[in-house]
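These notes concern the structure reproduced below.
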Number of protein chains: 2
Amino acid sequence: MGPVNSATWSLLLDGAEIILREEGYASLTSRRIAERVGIKQQLTYYYFRTMDELMVAAFRRLSKRELARLQSALSSDFPLHEFWSVCSNAGDARLISEFMALAHRSEGVKREVVDFIERSRRMHTRAIAKSIKNARKKSGIAALSPVALAFLTTSIALALTRESALGIRSAHREILDLVKQGLSALEPDAAQTKEPIRRFR
Amino acid sequence: MGPVNSATWSLLLDGAEIILREEGYASLTSRRIAERVGIKQQLTYYYFRTMDELMVAAFRRLSKRELARLQSALSSDFPLHEFWSVCSNAGDARLISEFMALAHRSEGVKREVVDFIERSRRMHTRAIAKSIKNARKKSGIAALSPVALAFLTTSIALALTRESALGIRSAHREILDLVKQGLSALEPDAAQTKEPIRRFR
DNA sequence: GTCTATACACCGATAGAC
DNA sequence: GTCTATCGGTGTATAGAC
C-alpha cells in the first residue's frame with residue numbers, strides 16, 4: 001500500500017477532482033483518472049485498495065482544504081461576507097455537489113460529507129451569532145436564529161450556483177441583493193470597504 | 001422503433017425512475033433497467049435509439065406529471081401550501097435532483113430540465129403574486145417579489161430534502177416553522193383548516 | 001414485439017516482472 | 001514504486017431468428 005500524501009498519491013486525488021469537476025462522478029474511474037494525470041491505471045491499486053477508498057480519501061482532502069478556507073474566511077475582517085464568497089465559488093460548489101451525489105452510493109463518502117456539512121454549519125453559526133451580538137442596531141434579520149441563517153445562506157448559495165450552471169437567471173439578481181443586504185446588516189462596514197459581490201451575472 | 005406510450009415503453013421508463021430513485025444516475029443502464037422490470041436488455045433498443053434518448057423521454061414524462069401535479073396544487077383551496085407540499089415530497093425531489101445531475105452530462109436532458117424549472121417557477125410566481133394581492137394585511141414577506149419568493153421556497157425545499165436524506169437535521173425545525181409562517185401569512189385560512197405540514201422530523 | 005447471439009469498449013481488481 | 005499482462009464482469013449497441 002503506497003504512502004499517504006506522497007507525490008503520486010496526491011496526483012491521483014488531483015486527477016479525481018478534475019474528473020469530478022469536468023465530467024461528474026459517473027466518469028470517476030481508475031482508468032480515466034490515470035489517463036488524465038499520465039500514469040498507468042493499475043497503479044491506482046498500489047495507493048488505494050478500492051475505488052471507494054480513493055473517493056473517501058479525495059473528499060477527506062477536499063473537506064480539509066475547504067474547512068481551512070472557510071476558517072480563514074471567518075478570521076478575516078468581514079467573516080460573513082468572506083464566507084459567502086467562498087460558498088459561492090462555482091468550481092468548489094460543483095465538486096461538493098458531486099460528492100453529495102456520491103454520498104448516496106458510498107457509506108464512506110456519506111459519513112465524510114455529513115461530517116463536513118455539520119462542521120461548516122457549526123463554524124458558520126458561531127460567526128453569525130457573534131456578528132449579531134456585535135451589530136449596533138439590530139435589523140429584522142435577527143428574528144432568525146444563527147443556525148437558521150447559516151442554513152439559508154448555504155442553501156441559497158448552492159441553488160444559485162446550480163441554476164447558474166444550467167443557465168437559469170430568474171430572480172437571481174434580486175436574491176443576490178437580498179443576501180448582500182443581509183450581510184451588510186450584520187457587517188455594516190463591509191459595504192464601503194469592499195466592492196459589491198458580483199458572482200452571477 | 002417501438003411505439004411511444006405502449007406498455008413496454010412505459011415499463012422501461014418506470015424502471016428508469018426506480019433505478020434513479022434507488023441507486024442514482026450512475027446505475028441507469030439498459031441492463032439494470034431491463035433486469036428490474038423483467039425484460040431483456042436488448043429490447044431497450046427497440047424502443048429507444050440510445051440511452052440518452054431514453055433519459056430524455058423519462059424526464060419528459062416525469063416533467064409532464066410533475067407540472068400537472070403542481071398545477072393541480074395551485075388550483076386547490078390553498079395553492080401555496082399545496083405547492084410546498086408537492087415540492088417537499090422526498091421521492092420526487094430525489095428523482096428531479098438526479099436528473100439535474102444528469103443535465104450536466106446530456107444536452108437533451110439539460111434542455112428539458114431547464115424548461116421544467118422555468119415553467120414551474122412561472123406558475124409558482126403567478127400564484128404567489130395572486131396571494132399577495134388577496135392577502136388582507138400585508139406581512140413583511142411582501143417586501144420580496146413573487147419570483148424571489150418562488151426561488152427561495154423551492155431552494156429551501158430542495159435543501160431540506162437533500163439534508164434529510166443524509167440524516168442532517170440542524171435548523172430544519174426552525175426553517176420549517178418559518179416557511180409555515182410565511183405560507184400562513186399569504187394564505188391565512190389554511191392554518192385552521194389543515195393540519196400542520198410535518199414532512200421532516 | 002420479443003428473443004438469442006454477439007460485437008467491442010470499458011470497468012475494478014489481481015499477479016508478478018523489473 | 002511502476003510496469004506488463006490478464007481476469008471476469010458490465011456497458012452500449014447491432015443483426016437476425018421467430
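Letters A, B, ... are given to chains in the order of the sequence lines, protein chains preceding strands, and every chain is numbered from 1.
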Do [Y] and [X] meet the salt-bridge criterion of a basic N to acidic O distance under 4.0 Å?
| X | Y | result |
| --- | --- | --- |
| B/R105 | B/D52 | no |
| A/R21 | A/E17 | yes |
| B/R94 | B/E98 | yes |
| A/R173 | A/D177 | yes |
| B/E22 | B/R32 | no |

**OP:** Quick one: closest heavy-atom pair of B/F99 and B/M55, and the distance?
**Re:**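 Looks like CE2-O, 3.7 Å.
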**OP:** Please report the closest heavy-atom contact between B/A93 and B/C87, naming both atoms and the distance.
**Re:**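 Closest approach of B/A93 to B/C87, heavy atoms only: CB-O, 4.3 Å.
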Which residues, if any, of [range] bring a heavy atom under 4.0 Å of DNA chain C?
| range | result |
| --- | --- |
| residues 23-34 of chain B | none |
| residues 1-18 of chain A | none |
| residues 35-47 of chain A | A/Q41, A/Q42, A/Y45 |

**OP:** Can you sort out the partners of A/R162 under side-chain contact (heavy atoms from CB on, under 4.5 Å), two or more places apart, ordered by chain and number?
**Re:**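 A/R162 satisfies side-chain contact (heavy atoms from CB on, under 4.5 Å) with A/A159, B/M100, B/L158, B/R162 only.
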Original post:
More than 12 foreign heavy atoms under 6.0 Å from CZ of A/R61: is that the case here?
Top reply: yes
**OP:** Would you indicate whether A/R65, at its atom CZ, is surrounded by more than 12 heavy atoms from other residues, nucleotides or ligands within a distance under 6.0 Å?
**Re:** yes
Original post:
For DNA chain D, which nucleotides open and close the run of contacts to chain A, 5' to 3', at under 4.0 angstrom from a non-hydrogen atom?
Top reply: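 Extent of the interface on DNA chain D: D/dG1 to D/dT6.
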Subject >> A/R60 vs A/F116, side-chain contact (heavy atoms from CB on, under 4.5 Å): CA-CA, chis, key distance, verdict >> reply: CA-CA 9 Å; A/R60 202 169 292 176; A/F116 169 76; over 6 Å; no
Original post:
Taking the six-membered ring for Trp, are A/H124 and A/F83 parallel (under 30°), tilted (30 to 60°) or perpendicular (over 60°)?
Top reply: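 Taking A/F83 first and then A/H124, their aromatic rings lie parallel (interplane angle under 30°).
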**OP:** Taking atom types as modelled, find out whether A/E174 and B/S145 have a side-chain donor-acceptor pair closer than 3.5 angstrom.
**Re:** yes
**OP:** Could you check which residues of residues 48-57 of chain B get a heavy atom under 4.0 Å from DNA chain D? Sort them by number, please.
**Re:**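 Close to the strand are B/T50, B/M51.
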Subject >> Test side-chain contact (heavy atoms from CB on, under 4.5 Å) applied to B/K133 and B/K130, step by step >> reply: CA-CA 5 Å; B/K133 217 158 55 180; B/K130 204 169 143 194; 5.6 Å; no
**OP:** Verify, without hydrogens or angle tests, whether B/S164 (side chain) and B/L160 (backbone) share a donor-acceptor contact under 3.5 angstrom.
**Re:** yes
